[in-house]
Amino acid sequence: MPTIFERIIARELPATFVYEDDLCVAFQDLHPVADMHLLLVPKKAIPRLVDAKPEDQALLGHLLVKAGEIAAAQGYGEAFQVRIHNGAGAGQTVFHLHLHLLGGQQKRAETH
Ligand code: AMP
């Protein structure tokens with residue numbers, strides 16, 4: 001079964017995209033908890049961060065570089081957070097690796 005994020009990447013489900021390249025997409029979180037709450041998602045379906053392999057190293061670096069560029073493009077380059085939930089015990093609900101990009105006023109202490 002494809003995850004929600006695979007279906008968003010395939011344009012089978014709607015999302016408000018703010019960035020896309022060959023390796024990743026970024027779109028608005030459906031339930032934002034901050035003024036900027038984006039999800040940066042690799043097109044490769046890695047379930048959790050801990051499932052990433054040595055061959056994913058360049059992809060993970062790409063995501064971090066893009067996180068900064070996207071946050072800056074959204075006006076939050078000087079102050080933003082990057083958050084990854086790894087595993088259900090850490091609050092992960094969609095098992096397709098993703099980075100939360102958070103900026104501005106946070107609406108709750110937690111992302112859930
Ligand atoms: P996580 O808890 O790290 O797995 O985060 C999953 C995130 O995906 C949550 O912040 C949800 O609000 C968000 N989310 C779930 N479904 C959608 C969707 N269809 N479009 C955008 N964001 C979604």
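Each ligand, and each atom within it, is numbered from 1 in the order the structure gives. FYI, side chains are in, hydrogens and waters are out, and symmetry mates aren't considered; it's all heavy atoms of this structure.
Interface of Ile8 with ligand 1, defined as ligand atoms under 4.0 Å from a residue heavy atom, comprises 18 (C), 19 (N), 20 (N). Within ligand 1, the atoms closer than 4.0 Å to a non-hydrogen atom of His85 are 1 (P), 2 (O), 3 (O), numbered from 1 in the order shown. Those atoms of ligand 1 with a heavy atom of Gly91 less than 4.0 angstrom away are 1 (P), 2 (O). Near Ile4, with a cut-off below 4.0 Å to any heavy atom, the atoms of ligand 1 are 19 (N). Every atom of ligand 1 with a heavy atom of Phe27 under 4.0 Å away is listed here by number and element: 21 (C). Taking every heavy atom of Gln28 and a limit of under 4.0 angstrom, the matching atoms of ligand 1 come to 21 (C).
Between Val94 and ligand 1, at least one pair of N/O atoms sits closer than 3.5 Å. For the pair Gln92 and ligand 1, the shortest N or O to N or O distance does not fall below 3.5 Å.
Under 4.0 angstrom from ligand 1, there are no non-hydrogen atoms of Phe95. By the criterion of a heavy-atom distance under 4.0 Å, neither the backbone nor the side chain of Ile84 is placed next to ligand 1.
Across all non-hydrogen atoms, the minimal contact from Lys66 to Cys24 is CG-SG, 4.4 Å. Scanning all heavy atoms of the two residues, the minimum distance from Phe80 to Ala67 falls at CE1-O, 4.1 Å.
Environment of CD in Glu78: sparse, with no more than 12 heavy atoms of neighbouring residues, nucleotides or ligands closer than 6.0 Å.
Of the listed residues (Ile70, Val82, Ile84), just one forms a side chain to side chain contact (heavy atoms under 4.5 Å, CB included) with Leu40, and that residue is Ile70. Remark: of the listed residues Ile46, Asp56, Leu59, Ile46 is the sole one forming a side chain to side chain contact (heavy atoms under 4.5 Å, CB included) with Leu97.
Distances from ligand 1 to the non-hydrogen atoms of His100 include at least one value under 4.0 Å. Residue contacts with ligand 1 include Leu39, since one of its heavy atoms falls under 4.0 Å from the ligand.
In this structure, His100 has its ring center under 6.0 Å from that of His98.
Partners of Arg48 by side chain to side chain contact (heavy atoms under 4.5 Å, CB included), not counting sequence neighbours, listed by chain and number: Val50, Asp51, Asn86, Gln92, Phe95.
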What pairs of donor and acceptor atoms, side-chain ones from residues 8-15 against any protein atom, are under 3.5 angstrom apart with sequence neighbours left out?
unit_1: Arg11; atom_1: NH1; unit_2: Ile9; atom_2: O; d: 3.2
unit_1: Arg11; atom_1: NH2; unit_2: Glu20; atom_2: OE1; d: 2.6
unit_1: Glu12; atom_1: OE1; unit_2: Arg7; atom_2: NE; d: 3.3

